[in-house]
Amino acid sequence: MLKSWKLKEVVLMSVLAVVFAVVYLLFVHVGNIWAGLIGPIAYEWMFGIWFIVSIIAAYIIRKPGAALLSETMAAMIEVMIGNAVGPRLILSGIVQGLGAEAAFAATGYKRYNWWVLCLAGVGSAVFSFAFGFLVSGYSALDPSLLVLMFTLRVISGAVIAGLGGKYLSDGLLATGALRGYAISRETSNKHKIKGEALG
């Protein structure tokens with residue numbers, strides 16, 4: 001999977017995985033505090049946070065496997081730095097990464113506009129909810145609560161992971177830190193084509 005990758009792409013993905021592993025662990029504690037106030041439903045609106053590295057890595061690197069590998073690596077690092085869930089969290093990361101990866105694969109890894117990024121966030125939400133249904137006893141919950149949970153998670157995936165991931169990546173691109181990556185080459189090509197059209 002990584003044969004066509006450049007070393008700097010592997011390094012960037014690894015750095016993103018480390019950074020967001022820390023972010024993910026911090027938001028576990030935020031979620032625990034929030035859940036103490038309003039119950040387990042509190043996690044659903046913020047689930048997109050835990051999908052975001054897959055969107056960012058795929059949007060910047062634009063190669064098959066970027067979403068899956070980055071999310072899996074982040075989950076592994078999160079476990080190593082203190083998440084008590086353990087190996088099951090790694091499996092959850094794989095599932096979430098696969099959900100995002102499916103959206104990019106559906107476009108042949110050729111489209112990375114905002115709606116595809118939102119779709120990737122939704123994919124992570126759907127896959128993670130199905131995984132939760134199988135392993136976390138969701139079937140015992142009231143159907144109306146399940147619908148609410150699913151709806152909130154999908155919205156969170158689209159908005160926080162999809163749009164949020166695009167916003168963060170575009171902000172990083174604007175600093176010049178992403179020169180030489182696929183995201184910057186596409187931007188350069190767009191400017192070139194626009195210039196030729198105006199000329």
Side-chain angles (χ1 to χ4, degrees), residues 1-2 13-14 16-32 35 40-107 109 112 116-141 145-166:
M1 185 180 286
L2 294 175
M13 181 178 65
S14 302
L16 288 171
V18 171
V19 169
F20 281 97
V22 174
V23 171
Y24 288 1
L25 187 56
L26 287 173
F27 270 88
V28 168
H29 299 302
V30 172
N32 289 341
I41 197 75
Y43 294 103
E44 299 302 328
W45 73 268
M46 58 191 292
F47 247 94
I49 290 290
W50 294 300
F51 309 149
I52 200 168
V53 74
S54 60
I55 310 298
I56 291 174
Y59 183 43
I60 293 172
I61 298 171
R62 306 191 178 194
K63 286 187 176 176
L68 172 60
L69 291 172
S70 60
E71 195 70 48
T72 302
M73 287 174 63
M76 293 173 66
I77 295 166
E78 186 183 348
V79 170
M80 288 190 286
I81 62 176
N83 192 305
V85 174
R88 187 172 132 184
L89 179 68
I90 298 173
L91 183 56
S92 179
I94 293 171
V95 170
Q96 292 168 6
L98 283 171
E101 193 75 38
F104 297 115
T107 71
Y109 298 98
Y112 292 89
V116 174
L117 300 184
C118 288
L119 185 62
V122 169
S124 288
V126 172
F127 275 49
S128 71
F129 195 87
F131 178 72
F133 193 89
L134 292 173
V135 303
S136 299
Y138 287 5
S139 58
L141 300 175
L145 179 60
L146 278 175
V147 171
L148 177 60
M149 289 170 61
F150 180 76
T151 302
L152 288 174
R153 192 176 302 194
V154 165
I155 292 171
S156 180
V159 175
I160 297 178
L163 296 180
K166 185 178 190 312

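The chain is numbered in sequence order, starting from 1.
Nearest heavy-atom pair across Phe127 and Val95 is O-CG1, 3.3 Å. Nearest heavy atoms, Gly31 versus Tyr43: C-CE2, 3.5 Å. Between Ala120 and Ile55, the shortest heavy-atom distance links the atoms CB-CD1, 3.4 Å. Here the closest non-hydrogen pair linking Ala57 and Ser70 is CB-OG, 3.5 Å. Closest non-hydrogen pair, Ala66 versus Ala58, comes out as CB-CA, 3.8 Å. Listed here is the closest heavy atom pair of Ile52 and Glu71: N-OE1, 4.4 Å.
For the salt bridge (charged side-chain N to carboxylate O under 4.0 Å, His left out) condition, no pair includes a residue of residues 46-60, sequence neighbours left out. The salt bridge (charged side-chain N to carboxylate O under 4.0 Å, His left out) analysis of residues 40-52, with sequence neighbours excluded, yields the pairs Glu44-Arg153. Listed by first and then second residue, the salt bridge (charged side-chain N to carboxylate O under 4.0 Å, His left out) pairs involving residues 51-65 are Glu9-Lys63, Arg62-Glu186 (not counting sequence neighbours).
Ring geometry, Phe47 versus Trp50: the interplanar angle exceeds 60°, so the pair is classed perpendicular (tilted spans 30 to 60°).
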Under 3.5 Å, which donor-acceptor pairs do the side chains of residues 73-84 form with other protein atoms, sequence neighbours left out?
unit_1, atom_1, unit_2, atom_2, d
Glu78, OE2, Asn83, ND2, 2.7
Asn83, OD1, Val85, N, 2.9

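Atom CD of Gln96 sits about 11.5 Å away from atom CG of Leu68, to the nearest 0.5 Å. Atom CD1 of residue Ile155 and atom SG of residue Cys118 lie 12.0 Å apart, to the nearest 0.5 angstrom. With rounding to the nearest 0.5 Å, the separation of CG in Leu152 from CH2 in Trp45 is 10.5 Å. Going from atom CG of Leu89 over to atom OH of Tyr24 covers 10.0 Å, rounded to the nearest 0.5 Å. The structure places CE of Met13 at 4.5 Å from CG of Leu69, a figure rounded to the nearest 0.5 Å. Rounded to the nearest 0.5 angstrom, Leu163 CG and Leu117 CG are separated by 8.0 Å.
A search for ring pair (Phe, Tyr, Trp, His ring centres under 6.0 Å) contacts involving Tyr112 returns Phe104, not counting sequence neighbours. Under the ring pair (Phe, Tyr, Trp, His ring centres under 6.0 Å) criterion, Phe150 pairs with Phe129, sequence neighbours left out.
Put simply, the side chain of Glu101 does not reach to within 4.5 Å of the side chain of Ser124, judged on heavy atoms.
Within the 3.5 Å criterion, the main-chain N or O of Phe51 finds a donor-acceptor partner in the side chain of Ser54.
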